Engineer: 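Mind having a look at this structure? Questions to follow.
As a basis for the values below, the full set of heavy atoms in this structure was taken, side chains included, without hydrogen atoms, waters or symmetry mates. Source: prediction; values computed, not measured.
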Amino acid sequence: MNQATLHQLKVFEAAARHGSFTRAAEELFLTQPTVSMQIKQLTKSVGLPLFEQVGKRLFLTEAGRELFATCRQIFETIAQFEMKIANLKGLKQGQLRLAVITTAKYFVPRLLGPFCQLYPGIDISLQVTNHERILERMTNNLDDLYIISQVPEHLDVNCHPFLENPLVVFASENHPLAKEKNIPIERLENEPFIMREPGSGTRRAVQSLFDEHDIKVKVKLELGSNEAIKQAIAGGLGISVLSRHTLMPNTPEITILDVEHFPIKRTWYMVYPNGKQLSIVARTYFEYLLDAANKMVENRVSHVYSSVEGGN
């Protein structure tokens with residue numbers, strides 16, 4: 001291969017990742033004819049077709065798949081080099097690609113703010129999605145770090161627990177069970193239930209507990225976001241199980257039910273594929289997040305201790 005430029009490789013990588021010249025053009029702020037021309041010139045340099053079109057869909061050829069993998073390695077190496085040079089200059093700059101499970105959006109942005117103030121030269125790409133999409137992104141090595149609540153069993157990953165993520169039963173503050181204590185889990189069978197969408201880690205954890213105790217709940221709604229579920233709960237449409245962290249101080253119309261076998265104990269993990277060399281930026285954020293999570297726990301314990309002392 002000769003005369004291929006870095007720009008052509010970037011255009012090709014975007015087109016291959018999206019499976020579309022149009023979406024690649026949108027991402028790179030180019031026209032579609034420009035993308036087509038760059039791909040055509042790159043194909044000429046390679047000497048083999050890189051794409052093939054079947055019907056309306058675009059697929060990579062064998063040469064295209066090899067080049068796509070090579071592009072990923074090239075861009076990762078360049079990014080590492082740029083960050084190392086910045087570090088040698090006494091600076092922290094570059095890009096952090098972070099993908100987090102939906103529930104983590106309730107605390108990750110709060111931790112990103114101080115991090116960005118410490119390192120204003122770092123650009124952050126934050127993807128918020130469900131468990132299945134996180135695993136897809138991890139398999140394709142699209143991000144630097146992943147924050148999830150369930151360790152993937154079939155992927156070889158480095159996994160570091162850093163914060164508890166208890167799942168609790170939410171209901172409207174006016175719900176008949178709101179004032180009861182030690183509610184038997186069997187009572188949930190009589191309640192209309194609101195579930196996260198299939199593929200959600202929260203749903204799998206809840207279903208596992210119900211299966212363990214032979215509980216059959218009536219699923220009235222399936223919703224794809226915690227916010228939508230909380231609105232439905234507040235509207236009296238049913239009860240649900242969500243992370244305790246999703247209950248913010250500004251949602252007084254929702255309460256936590258005292259149900260047997262709850263909370264379901266879960267943990268947030270920082271994960272990245274085994275063998276992946278973390279960039280300087282990713283390593284910096286990794287260490288920052290571990291420290292910030294420890295401080296969150298310490299502050300919470302201190303607050304509870306103070307409250308108990310005040311009550312006495």
Engineer: For Glu197, which residues count as a side chain to side chain donor-acceptor pair (under 3.5 Å) partner, sequence neighbours excluded?
Structural biologist: Asn130

Engineer: Can you confirm whether Met138 sits close enough to Tyr272 that some side-chain heavy atom of one is under 4.5 Å from a side-chain heavy atom of the other?
Structural biologist: no

Engineer: Taking only residues two or more places apart in sequence, or in another chain, which ones meet Pro161 in a side chain to side chain contact (heavy atoms under 4.5 Å, CB included)?
Structural biologist: Thr267, Tyr269

Engineer: Checking Thr246 side chain against Leu242 main chain: does a donor-acceptor pair fall under 3.5 Å?
Structural biologist: no

Engineer: Does the distance from a Lys or Arg side-chain N to an Asp or Glu carboxylate O, for Glu180 and Arg187, drop under 4.0 Å?
Structural biologist: yes

Engineer: If hydrophobic residues (ILVMFWY) are linked whenever their side-chain heavy atoms come closer than 4.5 Å, directly or via other members, who joins Ile183 in its cluster?
Structural biologist: Leu167, Val169, Leu177, Ile185, Leu188, Phe193, Met195, Val206, Leu209, Phe210, Ile215, Val217, Val219, Ile239, Val241, Leu257, Val259, Phe262, Ile264

Engineer: Side chains of Ile229 and Arg196, heavy atoms from C-beta outward: is any pair under 4.5 Å?
Structural biologist: yes

Engineer: Would you please test His131 and Arg203 for side-chain hydrogen bond (donor to acceptor under 3.5 Å, both in side chains) and show each step?
Structural biologist: CA-CA 10 Å; His131 184 75; Arg203 178 165 182 161; over 6 Å; no

Engineer: Group every Ile, Leu, Val, Met, Phe, Trp and Tyr by side-chain heavy-atom contacts under 4.5 Å, then state whether Tyr119 and Val108 land in the same group.
Structural biologist: yes

Engineer: Can you confirm whether or not the ring centre of Phe51 sits under 6.0 Å from the ring centre of Phe12?
Structural biologist: yes

Engineer: Over all heavy atoms of both residues, which pair between Arg137 and Tyr146 is shortest? Give the atoms and the distance, please.
Structural biologist: O-OH, 3.2 Å

Engineer: Are Thr31 and Thr34 close enough, and set up right, to give a side-chain hydrogen bond (donor to acceptor under 3.5 Å, both in side chains), and what steps lead you there?
Structural biologist: CA-CA 5 Å; Thr31 64; Thr34 299; 2.7 Å; yes

Engineer: Test Asn141 against every option in Lys276, Arg72, Arg97, Gln73 by the side chain to side chain donor-acceptor pair (under 3.5 Å) rule and name the one that passes.
Structural biologist: Lys276

Engineer: I'd like to know if Glu253 and Lys230 make a salt bridge, using a cut-off of under 4.0 Å between side-chain N and carboxylate O.
Structural biologist: no

Engineer: Could you check if a side-chain atom of Lys220 sits within less than 4.5 angstrom of a side-chain atom of Ile194, using non-hydrogen atoms only?
Structural biologist: no

Engineer: With His7, which residues qualify under ring pair (Phe, Tyr, Trp, His ring centres under 6.0 Å), at least two apart?
Structural biologist: none

Engineer: Only counting residues at least two apart or in another chain, list the ones meeting side chain to side chain donor-acceptor pair (under 3.5 Å) with Asp258.
Structural biologist: none

Engineer: Got a sec, which residues hit ring pair (Phe, Tyr, Trp, His ring centres under 6.0 Å) with His213, two or more places apart in sequence or on another chain?
Structural biologist: His261

Engineer: Please tell me if the side chains of Thr139 and Leu155 come closer than 4.5 Å, counting only heavy atoms from C-beta onward.
Structural biologist: yes

Engineer: Who are the side chain to side chain contact (heavy atoms under 4.5 Å, CB included) partners of Ala14, not counting sequence neighbours?
Structural biologist: Arg17, Ala24, Glu27, Leu28

Engineer: Among the clusters formed by ILVMFWY side chains lying less than 4.5 Å apart, do Leu42 and Leu60 turn up in the same one?
Structural biologist: yes

Engineer: Looking at Gln8 and Thr5, would you say the former's side chain and the latter's main chain have a donor-acceptor pair under 3.5 Å?
Structural biologist: yes

Engineer: So, are Glu191 and Lys218 salt-bridged, with charged N and O less than 4.0 Å apart?
Structural biologist: no

Engineer: Do Arg266 and Thr202 have side-chain heavy atoms sitting under 4.5 Å apart?
Structural biologist: yes

Engineer: When you measure from the centre of the six-membered ring of Phe286, is the NZ or CZ of Arg283 under 6.0 Å away and within 45° of the axis?
Structural biologist: yes

Engineer: Would you say Phe68 ends up clustered with Leu142 if hydrophobic residues are merged whenever their side chains have heavy atoms under 4.5 Å apart, either directly or through other cluster members?
Structural biologist: no

Engineer: At their closest point, which heavy atom of Ala178 faces which heavy atom of Ser172, and how far apart are they?
Structural biologist: CB-O, 4.2 Å

Engineer: Mind checking who shares a hydrophobic cluster with Phe59, ILVMFWY linked at side-chain heavy-atom distances under 4.5 Å?
Structural biologist: Val54

Engineer: Output yes when Glu136 and Arg133 qualify as a salt bridge under the 4.0 Å nitrogen-oxygen rule, no when they do not.
Structural biologist: yes

Engineer: Partners of Gln207 by side chain to side chain donor-acceptor pair (under 3.5 Å), sequence neighbours excluded?
Structural biologist: Asp211

Engineer: Measuring only between side-chain heavy atoms, which start at C-beta, is Leu96 closer than 4.5 Å to Thr284?
Structural biologist: no

Engineer: Tell me every residue that passes side chain to side chain contact (heavy atoms under 4.5 Å, CB included) with Ala63, counting only those two or more places apart in sequence or in another chain.
Structural biologist: Leu48, Leu50, Thr61

Engineer: Answer whether the closest heavy-atom distance between the side chains of His154 and Leu135 falls below 4.5 Å.
Structural biologist: yes

Engineer: Going by heavy atoms in the side chains, are Glu173 and Ile254 under 4.5 Å from each other?
Structural biologist: no

Engineer: I'd like to check the side chain to side chain contact (heavy atoms under 4.5 Å, CB included) partners of Leu289; sequence neighbours left out, ordered by chain and number.
Structural biologist: Leu111, Ile147, Phe162, Met270, Tyr285

Engineer: Quick one: side chain to side chain donor-acceptor pair (under 3.5 Å) partners of Ser208, sequence neighbours excluded?
Structural biologist: none

Engineer: Testing Asn226, Ile233, Thr255 one by one against Phe170 for a side-chain contact (heavy atoms from CB on, under 4.5 Å), which residue passes?
Structural biologist: Ile233

